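What follows is one structure encoded as structure tokens, with my remarks underneath.
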Amino acid sequence: LPETLAALVRLVEARLPEMLCTVLLLDDAGRHLRHGAALSVPETYVRQIDGTAIGPRAGSCGAAAFRGEPVIVEDIATDPLWEDYRALALSHGLRACWSTPFFDASRRVLGTFAMYYRQPARPGAQHRWLIGFATHIAAVAVGHERAQVALRAAEAHYHKLFDYAPDGILLATPESRYLDANASMCRMLGYTRDELIGLHASDIVVPTEIPHIGSALIAIKTRADYHREWQFRRKDGSVFTAEVMVTTIPDGNLMAIIRDITERRRAEAALRLFRALVDQSNDAFEVVDPETGCFLDVNDKACVDLGYSREEYLALRVGDIDPTIESVGWPGIRQKIRAAGALNGEGMHRRKNGTTFPVEFSAKWVQLDREYIVTVVRDITGRKELEAQLMRMQRMESVGRMAGGIAHDMNNILAPILMGAPLLRMGLSPGQTEKTLVAIETSARRGADLVRQLLMFGRGMEGRRMLVRLKDVVREMD
């Protein structure tokens, strides 16, 4: 470009030897003019105006670029457009300057072509023809250069995308003969780029895939895009599965994007295995949204325990199956789990039919792609029943151990009754009879209390606590 612009200036100046010409180029920001070409204009002047900002009073060139129209200054010494640059121009013997902008195809200013004279002057018809000629040539030259720069930048950008793309990219002929490959494709297959270029699709897929190549090429020609999984063979003979997307590009060749999905397949298999293990677990698994308390996922055991289908279960909130949440509130439970990281305990769950059963739960706060609460729930109905049976057995065992003490108490209770009855037959005095009857009644009452306490103990009922005076108990024992 500099040589082309210099030749243009030389050609114009040769037609009118008394004229001095310059070409200034507008920078990419559209704010400053940079040196393009100048042969006869003093070099010190060219250096000092290089990079000046455009504006309404920035000399002939600055104003022309700013306005997007020609600016004719017949006398620099008196024209207000040159107020900031007048001394500079006059010191180099420049008195007149006619500047005309030139544009690209979108009418964006590319630069200016200027004619200087060493005495005040106004352009004539010949000057205007030369200006039109020069600005046309300058616009073509600069526009072509900028188009080439943009093309080179686009190509460089494309090559960066091509070479650094994480997926493999292959360019091939319509017959699937490879023309180019990016670095990811080379690493994926274990070939160098030079080794890959010229190979055919049949050279890099497993033998069982080769018969499908022809039908795939037909499908690629008839569809806008093509998508299929293929089995590939690396240079060392190892095999991997890849997802392949192919399209026809404007030049008629094919572009294929290949993504190795080996790890994804392993992850999916591991996830399926994990899901199967979870669904076959004897415990219920619940995944809960911490914010809303809604169920995000549950296993088969959870559905069986509560009598819901999976779809019904996932429409519920924790409070719908846990009666205790209604009194405590989900935000309080959530805060406990978040603060401690986990929460273990026992509670109650409510089935779809309304019945409840005891459960043991372990809830944990989990951070993955987002926050979750994962809860393992175990139905402990059987355990609670066994615990109740064990308690009853322990109570009966306790009754057996207390039998000796109970027998002693019963003897103490029955003794006044057995001794008092014969005395009453003997005909005691009224005072002695009353005393004997009181003793018999007191012993009978003590016996009834003892029997009632034994029945309550045997049935697992809670006794009644009360204050007693120890001396009264001792007196009764006497």
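Only a predicted model underlies this, so the values are computations on that prediction, with no experimental measurement involved.
For Ser60 (side chain) and Cys97 (main-chain N/O), a donor-acceptor pair under 3.5 Å exists by modelled atom type. Side chain of His200 to main chain of Glu175: a donor-acceptor pair is present (N/O by atom type, distance under 3.5 Å, no hydrogens or angles). A donor-acceptor contact shorter than 3.5 Å is absent between the side chain of Asp75 and the backbone of Asp79. Arg118 contributes a side-chain N or O that, together with a main-chain N or O of His92, makes up a donor-acceptor pair within less than 3.5 Å. With hydrogens and angles ignored, the 3.5 Å screen pairs a side-chain donor or acceptor of Asp104 with a backbone N or O of Arg108. With hydrogens and angles disregarded, no donor-acceptor distance shorter than 3.5 Å links the side chain of Asp305 to the backbone of Ala302. In this structure a side-chain-to-backbone donor-acceptor pair under 3.5 Å is present from Thr222 to Ile218. Side chain of Asp297 to main chain of Val287: no donor-acceptor pair is present (N/O by atom type, distance under 3.5 Å, no hydrogens or angles).
Looking at Ile220 and Val246, their side chains come closer than 4.5 Å, going by heavy atoms from C-beta outward. The shortest distance between side-chain heavy atoms of Gln48 and Glu43 does not fall below 4.5 Å. Looking at heavy atoms from C-beta onward, Trp330 lies out of side-chain contact with Arg317 at the 4.5 angstrom threshold. Residues Asp300 and Arg310 have side chains in contact (heavy-atom distance under 4.5 Å, counting atoms from C-beta outward). Residues Pro174 and Leu217 are not in side-chain contact: their nearest non-hydrogen atoms beyond the backbone lie 4.5 Å or more apart. Counting heavy atoms from C-beta outward, Asp322 and Arg350 have side chains that stay 4.5 Å or more apart. A heavy-atom distance below 4.5 Å is not found between the side chains of Arg86 and Thr78. Using a 4.5 Å heavy-atom cutoff, the side chains of Arg334 and Trp365 are in contact.
Residues Phe102 and Thr112 approach most closely at CE2-N, 3.4 Å, considering heavy atoms. Closest non-hydrogen pair, Ala65 versus Ile54, comes out as CB-CG2, 3.8 Å. Closest non-hydrogen pair, Pro358 versus Asp379, comes out as O-OD1, 3.5 Å. Residues Cys21 and Val12 share a closest heavy-atom pair of SG-CG1, 3.8 Å. Between Pro42 and Leu20, the shortest heavy-atom distance links the atoms CD-CD2, 4.5 Å. Heavy-atom minimum distance, Arg122 versus Trp98: C-CZ2, 3.4 Å.
Enclosure of atom CZ in Arg351 by more than 12 non-hydrogen atoms of other residues, nucleotides or ligands within 6.0 angstrom is indicated. The 12-atom threshold is not exceeded at CZ of Arg259, counting heavy atoms of other residues, nucleotides or ligands nearer than 6.0 Å. More than 12 heavy atoms of other shown residues, nucleotides or ligands fall within 6.0 angstrom of atom CG in Asn353. Heavy atoms from other residues, nucleotides or ligands lying under 6.0 Å from CG of Asp236 number more than 12. Heavy atoms from other residues, nucleotides or ligands lying under 6.0 Å from CZ of Arg31 number 12 at most. More than 12 heavy atoms of other residues, nucleotides or ligands sit less than 6.0 Å from atom CZ of Arg370.
Ionic pairing of Glu209 and Arg233 is not present here: no N-O contact between side-chain nitrogen and carboxylate oxygen is shorter than 4.0 angstrom. Between Arg234 and Glu195 there is no salt bridge, since no side-chain N of the basic residue sits under 4.0 Å from a carboxylate O of the acidic one. In this structure, Arg193 pairs ionically with Asp180, as a charged nitrogen and a carboxylate oxygen lie closer than 4.0 Å. Ionic pairing of Arg34 and Asp50 is present here: one or more N-O contacts between side-chain nitrogen and carboxylate oxygen are shorter than 4.0 angstrom.
The closest side-chain donor-acceptor pair between Tyr45 and Tyr116 falls under 3.5 angstrom. Looking at Asn344 and Ser362, their side chains do bring a donor and an acceptor atom within 3.5 Å of each other. For the residue pair Ser184 and Arg187, a side-chain donor N or O sits within less than 3.5 Å of a side-chain acceptor on the partner. Glu286 and Thr375 share no donor-acceptor pair across their side chains, judged by distance under 3.5 Å alone. Neither side chain, Asp283 nor Ser281, offers a donor N or O lying under 3.5 Å from an acceptor on the other.
Note on ring orientation: taking the six-membered ring where Trp is involved, the planes of Tyr85 and Trp82 are perpendicular (angle over 60°, cut-offs 30° and 60°). The aromatic rings of His212 and Trp230 sit perpendicular to each other, their planes meeting at more than 60°, with 30° as the lower class boundary.
Note that CD of Gln389 and CD of Glu387 are 11.0 Å apart. Values are rounded to the nearest 0.5 Å. Leu24 CG to Leu110 CG: the interatomic distance, rounded to the nearest 0.5 Å, is 13.0 Å. Of the inter-residue distances, the one linking Thr22 atom OG1 with Glu13 atom CD reads 9.5 Å to the nearest 0.5 angstrom. Atom CG of Leu390 sits about 13.5 Å away from atom CD of Glu385, to the nearest 0.5 Å. If you take OG on Ser202 and CZ on Arg177, they are separated by 7.0 Å, rounding to the nearest 0.5 Å. Residue His127 holds its NE2 atom at 10.5 Å from CD1 of Ile72, rounded to the nearest 0.5 Å.
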For this session: Apply salt bridge (Lys or Arg N to Asp or Glu O under 4.0 Å) to Arg10 and Glu3, showing your working.
Result: CA-CA 10 Å; Arg10 185 178 298 108; Glu3 292 79 8; over 6 Å; no
For this session: Test Lys301 against Arg378 for side chain to side chain contact (heavy atoms under 4.5 Å, CB included), laying out the working first.
Result: CA-CA 10 Å; Lys301 177 61 174 173; Arg378 176 171 295 177; over 6 Å; no
Problem set entry | Evaluation steps, side chain to side chain contact (heavy atoms under 4.5 Å, CB included), between Leu254 and Thr248 | CA-CA 5 Å; Leu254 306 179; Thr248 302; 3.6 Å; yes
For this session: Step by step, work out the side chain to side chain contact (heavy atoms under 4.5 Å, CB included) result for Leu170 and Met255.
Result: CA-CA 6 Å; Leu170 284 169; Met255 181 177 70; over 6 Å; no
Problem set entry | Candidate pair Glu312 and Lys352, rule side chain to side chain contact (heavy atoms under 4.5 Å, CB included), full reasoning | CA-CA 10 Å; Glu312 291 173 329; Lys352 183 179 180 180; 3.0 Å; yes
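When ring centroids are compared, Phe103 and His136 stay outside the 6.0 Å threshold.
With sequence neighbours excluded, the residues forming a side-chain contact (heavy atoms from CB on, under 4.5 Å) with Thr4 are Ala141, listed by chain and number. Annotation: side-chain hydrogen bond (donor to acceptor under 3.5 Å, both in side chains) contacts of Asp194 (sequence neighbours excluded): none. Shown here are the side-chain contact (heavy atoms from CB on, under 4.5 Å) partners of Arg264, two or more places apart in sequence or in another chain: Glu229, Glu243, Ile261, Glu268.
Exactly one of Phe285, Tyr313, Tyr372 qualifies for a ring pair (Phe, Tyr, Trp, His ring centres under 6.0 Å) with Phe295. That residue is Tyr313.
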